[in-house]
Amino acid sequence: MGEPYNPNEIESRWKDFWRERGFFKADIQDTEHKFYYLNMFPYPSAKPHVGHGRNYILGDAITRYLLMRGYNVLNPMGWDAFGLPAENQAIHHGIHPRDWTVRNIAEFKRQFRDWGVVFDWDREIATCEPEYYKWTQWIFLKLYENGLAYRAEAEVNYCPICDTVLANEQAVGGRCERCNTPVEKKTLTQWFFKITAYAEELLRDLEALDWPEHVKTMQRNWIGRSEGANVAFRSEQGDEIVVFTTRPDTLWGATFMVLAPEHPLVEKLTAPDKRAEVEEYKKFAARQTEVERLSAEKEKTGVFIGAYAVNPVNGERIPIWIADYVLMTYGTGAIMAVPAHDARDFEFALKFGIPVVPVIAPPGGTAKSYVMKGTYREGLPGALREAGFEFADEDGSLYVTLREGDRARYIALVQSYLEPDSWSEVIGAGWQFVFSDSVMNVGSIAEERKVLERCQALEPDVREVHTVAELLWNVEFYRDLLFHDRYGTMINSGPLTGTPGDVAVERTIEWLEERGIGKFAVNYRLRDWLISRQRYWGAPIPIVYCDECGTVPVPEKDLPVLLPEVERIGLKGLSEIPEFVNTTCPQCGGPAKRETDTMDTFVDSSWYYLRYISPHDDRRPFDSDLVNKWLPVDLYVGGVEHAILHLLYSRFITKALRDLGYLDFGEPFARLFTQGMITYPAYWCPEHRWIPPQEVAEGRGCPHCGRELEVSVVAMSKSKLNVVSPDELIGKYGADTERLYTLFMGPPEKEIEWSEEGLRGAWRFLNRFWELLTAWIPRVKDGSGEFDPAALSEAAKRLWAKFNETVHRVTREFESKRFGFNVAIAAIMEFTNALEEYLGREEPDLGLLRRVIRDLILLISPFTPFISEELWLRLGEGGAVLEQGWPTYDEEALKLLAVEIPVQINGKVRARVRLPHDTAGDIEALREAVLAAEEVQRYLRGKELVKVIAVPGKLVSLVVK
RNA sequence: GCCGGGGUGGCGGAAUUGGCAGACGCGCUGGACUCAGGAUCCAGUGGGGCUUAGACCCCGUGUGGGUUCGAAUCCCACCCCCGGCACCA
């Protein structure tokens, strides 16, 4: 029997050991075997919970492994310490944000220590310290000097609760990323970083990054590159109106034009009698929140401004509208509308009675024709049938479906049967109206008008209808053919009619360029990064406004622009602190005012990975020589929630600093791993809000009012009260148990629910592990760990083989992309089970036993460092675990064993044959041995053997008849 | 709607990438220990079948088809789930 496992006693012995011994201190000058491992630094809010633990425990395990593999590992930690929660504490509770932050940082550090998670603390940084934000400001100045930071008036997202503007990236779905409040639009003068200058490169360089595919996809979508053409339309008055389109092949189908309500030409072009209406619409559009504007079910709105534009390809006069579905911030803020081939334009045209002209043949080549009862003479159905047309006859109304190739033949036939004052239509590649005396095509706005006129003249019911499209829309049968946005042969398109769909866009662009009407163009969805925040707790933007000199950057020597120390922080940030605002101009020395906005905290975090290399250098932000050797970061680990924000900004800053000559690489993070969140049930009572899970009893409702609770399993968060604190758990089971369970729960990239039962599984295992090893260590303590594998008993050979397999499986997970430590730990558990079984079966070979115990301790040590260090000490090998090399795997060990070869007969496993390793590994020997085996012969009696497939070392498959 | 990732026991998930499906753990069932246990230990645990209860047979990795001696894994079609984006012209 071994000793009882007492984790608290063991862990208290080792908590400071690794740090004190300096194992986690990187040698920054030695870049030969460097490995830069980085966890995203946290925002130190309140106390960490077991969900935080996942990130750092994973990183700690990887770091310990790398150290044992002999790498010079840099794994630093710091604090993303500026931000709104701290400031809100200050405003509401009068605590200085720095004090609040410092307190939380201490709490995090204590937790890391309890977890056994160690960092190179000499490199600790906090973005809120002047020594750090001085250099954040320095980066701002460099960008400003090089035209990458600018101030502009723009329509911005504003969050009324956070009382500040937000970057595009932080207004998720029209709501504030932090507090979920619907964002308002405001026109303000703000500071921007010109990230769009790098749009193409940010997109292109994704290709080579070893990042999860979904993160790359998200960035690609966010950058949103589209190719097309800019085409110059003109107003009737002669103003050029350039539109961007990805479908220049549909140009001949433009039947109207839409400008964004804020478009500068609106003012000029609006007809006097439309002015009032247009003004009102502009106000309506401005008033809406982003959420309202984006809401999917929203009907199209817009107004005609009383002006017309001329389509440069065919000279057609088309009305100009304004509508909020056209955004000033994308493309040119103006579009040509082709309702036949754009879903939004189609909806708009149908609603406002604007003509639709088809200009692209739908691929597939099917057309439809509806021949209403009473419009044709007797005999048409028979004639159609005879001519081989497919149709349905419902009460005398005919619904014909035909191939485009039969169109002419069909038209001739129908026409010969039409009553004089009637018509029918053929809808497919173009719309044709068949009258008894003529056939009319809807190939232009003019033709559309004529067709409609003629129909209205013939049929009083049609007089209510505004367009041919509306007329056709009323026939359910046609609906699926009236609009499509696929590529197809161009029709009704003047000189380009007949151009096939696969080259239509390209040919049209060539055609436009030859005539100087338009040219190839690329547009991006990405907008410039708005970095101004009207808050106190951030890095001040180092700019001064002087009446004489204008906008003046603070000289580098005057950095940092310090945050003023004030009694109490108010709602209006720096702008309400006169001592800060009023200053002198660095250029002329006259009175001037400081910029009062601080920078978005994502600016702070967009370069911190550079600072870790020389965190205390007070002469420069980073040491370029060393940074160029240590970066890119070899492995960056963090939550997927930063997939676009932080990761895109960091990439941009890196590229900008490279172009300014400070770096010689363009991507900060060579490899990225995103770990999933830990979830836990959260309970909601409509009256008492969030209820902590510990207070919720099975089957009973709210502990306060008994009302039924709404349960959702979501990421742990303090605000939902569904956090599990590590303290209690470590007191009960120890940190090793928490670590082991956290890594064993499931693949780390996936979200997973925390379970106390699961945790106890890890606890049980460590107890068994401890008891087993402490029981046997005294027997092998003074042994050598040497043995002759060939001389082992059969059971011992099996154990030795299993051991080597285990080393292989555990190592593989560290070396793989996925860090599947759930599998690695499972392998260790399996081996422990096998070891226990072996020890219960026979008197062990002590050399073998010492060897496997020794390596088993090392193998589990990245996951459970405390128990490992303690067992290592008792084994008496000397030194510390982290000074040992990682166990190696011996291929030969597996060859000692007999192999069990499954035998498939007609695809089913019918027998297993035990064979020596050599026999099983040789194709001919394997084949013969299996066919000779009694348990196989049994199945072959009276059957004909058709085929034998022998896979050496794997299996044998027989086909019999 | 578009893009990305997935569907394997009651649950989390394994399966060395085309070769014994369900490792390991949780849960569950039975038993032991116990005044008691939600602690611990032992055994069983995909579903079904059985005049031979076994070293047995059949079914089984979302659905339907295909390739192959052999498919969770490859191909085609479909269904469903998760994540992201979404009036971006």
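Just so it is clear: chains get the letters A, B, ... in the order the sequence lines come, proteins before strands, and each one is counted from 1.
Heavy atoms of R225(A) sit nowhere under 4.0 angstrom from any nucleic acid atom. No contact: R809(A) has no heavy atom under 4.0 Å from any strand. Residue R927(A) is classed as having no contact, given no heavy-atom separation below 4.0 Å to the nucleic acid. Nucleic acid contact for R220(A): none, since no nucleic acid atom lies under 4.0 Å from a heavy atom of the residue. Among the protein residues, I752(A) comes within range of the sugar-phosphate backbone only, with heavy atoms under 4.0 Å from sugar or phosphate atoms but none that close to a base. Using a 4.0 Å heavy-atom cutoff across all strands shown, P747(A) reaches sugar-phosphate atoms only and no base atom. Within 4.0 Å (heavy atoms only), T217(A) reaches sugar-phosphate atoms of the nucleic acid but no base atom. Counting any heavy atom pair closer than 4.0 Å across all strands shown, V959(A) reaches sugar-phosphate atoms only and no base atom.
Atom P of nucleotide C24(B) and atom CG of N833(A) are separated by 7 Å, given to the nearest angstrom. In this structure, CG of L931(A) is placed 18 Å from P of C69(B), rounded to the nearest angstrom. Rounded to whole Å, the distance from CZ on R247(A) to C1' on C87(B) is 17 Å. The separation between Q904(A) atom CD and G18(B) atom P is 16 Å, rounded to whole Å. F346(A) places its CZ atom 18 Å from the P atom of G1(B), with the value rounded to the nearest Å. The nearest whole Å value for the distance from the CZ atom in F821(A) to the P atom in G25(B) is 19 Å.
For the C1' atoms, the distance from G46(B) to C28(B) is 14 Å, rounded to whole Å. One C1' atom belongs to G49(B), the other to G60(B), and the distance between them is 14 Å to the nearest Å. For the C1' atom pair drawn from G54(B) and U16(B), the interatomic distance equals 32 Å after rounding to whole Å. Across the C1' atoms, G25(B) and U45(B) are found 14 Å apart, a figure rounded to whole Å. Spacing of P atoms, U40(B) relative to G47(B), comes out at 26 Å, to the nearest Å.
A glycosidic torsion no more than 90° from 0 defines the syn conformation, and G9(B) adopts it.
Side-chain nitrogen and oxygen atoms of N767(A) include none within less than 4.0 Å of the OP1 or OP2 phosphate oxygen of U40(B).
The side-chain heavy atoms of E738(A) and V50(A), taken from C-beta on, include a pair separated by under 4.5 Å. Side-chain contact between F346(A) and V338(A): absent, with no pair of heavy atoms (C-beta onward) separated by less than 4.5 Å.
Applying side-chain contact (heavy atoms from CB on, under 4.5 Å) to V326(A) and the options T332(A), I335(A), L259(A), V243(A) leaves one that passes, I335(A).
At a threshold of 4.0 Å, the pair R220(A)-E213(A) counts as salt-bridged, since one of the basic side-chain nitrogens sits closer than that to a carboxylate oxygen.
In terms of position along RNA chain B, the nucleotide closest to G761(A) lies nearer the 5' end than the nucleotide closest to the other residue of the pair K947(A) and G761(A).
The structure places CZ of F821(A) at 7.5 Å from OG of S816(A), a figure rounded to the nearest 0.5 Å.
Remark: K300(A) is not positioned above the aromatic ring of F352(A), lacking an NZ or CZ atom under 6.0 angstrom from the ring centre and at most 45 degrees off the axis.
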